[in-house]
> 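I am attaching a structure below and will ask some questions about it afterwards.
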2 protein chains.
Amino acid sequence: MELQQLRYFVAAADLRNFTRAAERCGVAQPSLSQQIAKLEQSLGKTLLDRSGRRVALTDAGEEFYERAVKILSLVDEAERVGSGAVERPRLRVGAIPTIAPYLLPPVLKEFSAKNAAAEVSVVEDLTAEIVSGCIAGDLDVGIVALPIDDAPLHVEQLFREELLVALPARHPLAKKNRVTAAELAREPFVLLSEAHCLGEQIVSYCRQRECPPRVHCRSGQLLTVQELVGLGYGLSFVPEMARATDRSKLRVYRSLAGAKPMRTVAMIWHRFRVQQPTVAAFRETLKKSRTTSVANEK
Amino acid sequence: MELQQLRYFVAAADLRNFTRAAERCGVAQPSLSQQIAKLEQSLGKTLLDRSGRRVALTDAGEEFYERAVKILSLVDEAERVGSGAVERPRLRVGAIPTIAPYLLPPVLKEFSAKNAAAEVSVVEDLTAEIVSGCIAGDLDVGIVALPIDDAPLHVEQLFREELLVALPARHPLAKKNRVTAAELAREPFVLLSEAHCLGEQIVSYCRQRECPPRVHCRSGQLLTVQELVGLGYGLSFVPEMARATDRSKLRVYRSLAGAKPMRTVAMIWHRFRVQQPTVAAFRETLKKSRTTSVANEK
DNA sequence: TACTATCGATAGGCGTTTCCTATGGAACTG
DNA sequence: CAGTTCCATAGGAAACGCCTATCGATAGTA
């Protein structure tokens, strides 16, 4: 057994695709196939089922995957002995753009107060990137919105929050306490780009309720969406946490009557990767801080 | 970093000698030197100090050694996924010949009752072999007599026991309850081969008290020594646990007056190696069983 | 049913790596 | 001070991993 074989196998198991796994490992696909075959031969068991179009883990493969990930994470850690990074613990957090600026700052502040020595880095990117970062070991923990269904990830729900209707302050509907879905039917919308999971979630929510929004314009940033709403370009849906930081009087936020659109915020990390104690400390901080701050909001 | 480099490094660190490490790894010494140099280069730090005659671990080397051993033990475990040995836990115990037959059977019986699925193997050999087996990972746990001073081993004392004077039943000294060292001065002795730590311990005990024994004959087995004593070939020292199983009326055992010779029995295992839960269970069984059985003897 | 795209396995040549033997130089030992 | 032990270096041979090209199989589509 060699480390490269473990790396190739884990990549193939994660991506369920030899070609893309080879790409990620920076080698040609036959090399990866060859090494995985060699690994299986040395173990005397098939680890991956290539019969179908998609690659799947066999039972022995599942067993082995867990150990392989553990080994590779320890190797990662051991390699940092040289750079003196062992004494200086490291925390790499990923979060999606519709969560990061609202949720992270207070949590990171509290965390750094207790873990002054830690070297913290934050990655802000779309869900797919955060997920693959956690799987590949580039990130220690990710903060995203559900659903997440990647097998090797441990998903821990933090809280659910409502998506509020954002209106220009002078909009007729702003006078009401609650807004109905029907009332939104003919309104122009300013939506978040569908690259964001939040943007996509809102569109599919509207489709389900058979009131496809008349999209007036789209933006890639929640803050921009809020500004455009304030300028009267249209309505939008905005998560509670983004309302909390909005001090402008140009916009008001209203609950939707009936089944409210919600999103669930969760933290994710690799189920088998061995993590530094610092990472567990951050997860605790995040979990605790959110419970209290959610309680405060209510 | 490659696994082979870790294997070479750990071997060199364990044996504190490149030449013998290479031998253990089944390669020529320059290959091992080369790979270790490469590992150090990739980490950017020196792991082994070769300035003196003996190889010594640097500070970074100590750090790295711990992780390397952990990784290699996980690799060992992962390699057993193939042979289905993961479902069937494994226990490999080593013990020295002057302990094994007296101490192990009841402990193994109790252990197997609780861990029926476990595949137990017992190795009976001299201290040096048990020690190197534990260091090399061929044994999960060893049972030996102190002193043991190999750095990577965790040593846990189990109990101390007296070495009794074994006499032929008809010997004049058998009439006394206690025997003095002076009285042994002119007696012929039947001793255990010095290859055994017990044999060596007894000789050095006698030398310290300036009553070098007149060795009549030596044997490689404690049981044989007892038989020879029974036949009147001479006196000997025998640990308490070997007396307990001696049902013959040909021999009697007496305490020595004054500072009694004692030996300390301990279990040892590799400080950093990751062990299956089964091994911890065995250690607990051994620890508990010995406390009670020692209490019973007193 | 046939066509096409996707995907992993196989074949053969190339370059790198690791390993070996032989030898050199430094550090303890008698 | 000679002898021994032990790690490092040098250079050639064997082995290994990787690459490109190509094949066969599977699954979706006309």
Side-chain angles (χ1 to χ4, degrees), chain A residues 1-58 60-62 64-65 68 71-72 75 79 132 151, chain B residues 1-58 60-62 64-65 68 72 75 79 128 132 151:
Chain A
M1 183 190 304
E2 289 307 320
L3 284 184
Q4 220 137 0
Q5 296 171 350
L6 298 189
R7 294 193 192 100
Y8 292 176
F9 163 70
V10 168
D14 283 341
L15 300 174
R16 305 194 175 284
N17 179 310
F18 276 42
T19 310
R20 258 166 281 162
E23 203 173 314
R24 193 175 95 182
C25 295
V27 293
Q29 169 262 315
S31 305
L32 186 129
S33 286
Q34 205 174 5
Q35 289 306 311
I36 289 181
K38 205 166 174 180
L39 174 64
E40 290 178 322
Q41 199 177 344
S42 83
L43 291 172
K45 285 217 172 166
T46 305
L47 299 175
L48 294 168
D49 175 23
R50 299 95 147 161
S51 66
R53 183 109 175 205
R54 252 194 167 175
V55 174
L57 283 164
T58 63
E62 293 276 7
F64 192 77
Y65 175 81
I71 289 168
L72 290 177
V75 168
E79 275 173 343
S132 68
Chain B
M1 184 191 303
E2 289 307 321
L3 283 185
Q4 217 136 1
Q5 296 170 350
L6 297 189
R7 293 192 191 101
Y8 292 176
F9 164 70
V10 168
D14 283 342
L15 300 175
R16 306 195 175 283
N17 179 312
F18 276 42
T19 310
R20 258 167 281 163
E23 203 173 315
R24 194 176 94 184
C25 294
V27 293
Q29 168 262 315
S31 306
L32 185 129
S33 285
Q34 205 174 4
Q35 289 306 311
I36 290 180
K38 205 168 176 179
L39 173 64
E40 290 178 323
Q41 200 178 343
S42 84
L43 291 172
K45 285 217 174 169
T46 305
L47 300 175
L48 294 168
D49 174 23
R50 297 95 146 162
S51 66
R53 181 113 176 204
R54 253 193 167 173
V55 174
L57 283 164
T58 63
E62 292 276 5
F64 192 77
Y65 174 80
L72 290 177
V75 167
E79 274 173 342
S132 68

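The structure presented is a predicted model; accordingly, all values stated were derived computationally and were not measured. A note on names: the letters A, B, ... follow the listed sequences, proteins ahead of strands, and every chain is numbered from 1.
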> D:dC16 P sits how many Å from A:Gln41 CD, rounded?
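Rounded to the whole Å, the gap is 12 Å.
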> OP1 or OP2 of C:dG8 less than 4.0 angstrom from a side-chain nitrogen or oxygen of A:Tyr8, does that happen here?
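Indeed not, no polar side-chain atom of A:Tyr8 lies that close.
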> Between A:Arg54 (CZ) and D:dA27 (C1'), how many Å, whole number?
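So the CZ-C1' distance, A:Arg54 to D:dA27, works out to 13 Å.
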> Do you know the tightest heavy-atom contact between A:Phe9 and A:Gly61?
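Residues A:Phe9 and A:Gly61, closest heavy atoms: CZ-O, 3.7 Å.
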> Among B:Thr58, B:Leu57, B:Leu47, whose side chain to side chain contact (heavy atoms under 4.5 Å, CB included) with B:Phe64 holds?
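Of all the options given, the one that passes is B:Leu47.
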> Set out, in order, the CA-CA distance, both residues' side-chain angles and the distance that settles salt bridge (Lys or Arg N to Asp or Glu O under 4.0 Å) for B:Lys45 and B:Glu62, then state yes or no.
CA-CA 12 Å; B:Lys45 285 217 174 169; B:Glu62 292 276 5; over 6 Å; no
> Using a 4.0 Å heavy-atom cut-off across all strands, classify B:Gln4 as base, sugar-phosphate, or nothing.
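Sugar-phosphate, backbone atoms only, no base.
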> When the distance from CG of B:Leu47 to C1' of D:dC7 is rounded to whole Å, what number comes out?
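After rounding, the gap between these two atoms is 16 Å.
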> Hey, are the side chains of B:Arg50 and B:Ile36 touching, using non-hydrogen atoms and a 4.5 Å cut-off?
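They are in contact (side-chain heavy atoms under 4.5 Å apart), so the answer is yes.
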> Which nucleotide sits closest to the side chain of A:Gln29: D:dA10, C:dC19, C:dA9?
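That would be C:dA9.
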> Nearest-Å distance, CG (A:Asp49) to C1' (C:dG8)?
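Rounding to the nearest Å, CG of A:Asp49 and C1' of C:dG8 are 12 Å apart.
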> Can you check the B:Phe18 CZ to C:dA26 P distance for me, whole Å?
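In whole Å, C:dA26 P and B:Phe18 CZ are 18 Å from each other.
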> Just the rounded figure in Å: distance from P of C:dT6 to CD of A:Glu23.
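Rounded to whole Å, this separation is 14 Å.
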> Using a 4.0 Å heavy-atom cut-off, does B:Thr19 contact any base of the nucleic acid, only the sugar-phosphate backbone, or nothing at all?
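Sugar-phosphate, no base atom in range.
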> With respect to the phosphate group of C:dA9, does any side-chain polar atom (N or O) of A:Ser33 fall under 4.0 Å of OP1 or OP2?
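Looking at the OP1 and OP2 atoms of C:dA9, one of them is under 4.0 Å from a side-chain N or O of A:Ser33.
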> Check the distance between D:dC6's P and B:Leu32's CG and give it to me in whole angstrom.
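Distance, rounded to whole Å: 14 Å.
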> State whether B:Ser31 places a side-chain N or O below 4.0 Å from either non-bridging phosphate oxygen (OP1 or OP2) of C:dC20.
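Result: yes.
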> Name the nucleic acid region contacted by B:Arg20, choosing base, sugar-phosphate or nothing; use a 4.0 angstrom heavy-atom cut-off, strictly under.
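The residue B:Arg20 makes sugar-phosphate contact but no base contact.
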> For B:Ala68 and B:Leu6, which heavy atoms make the closest approach, and how far apart are they?
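Reported closest heavy-atom pair: CB-CD2, 4.1 Å.
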> Of the nucleotides C:dC20, D:dC18, C:dA9, which has the atom closest to the A:Pro30 side chain?
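Shortest atom-to-atom distance from the side chain points to C:dA9.
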> A:Gln34 CD to D:dC16 P: how many Å, rounded?
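One finds 11 Å between P of D:dC16 and CD of A:Gln34, rounded.
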> For A:Arg50 and B:Asn17, take the nucleotide of DNA chain D holding the closest heavy atom to each; which residue's nucleotide lies nearer the 5' end?
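This one resolves to B:Asn17.
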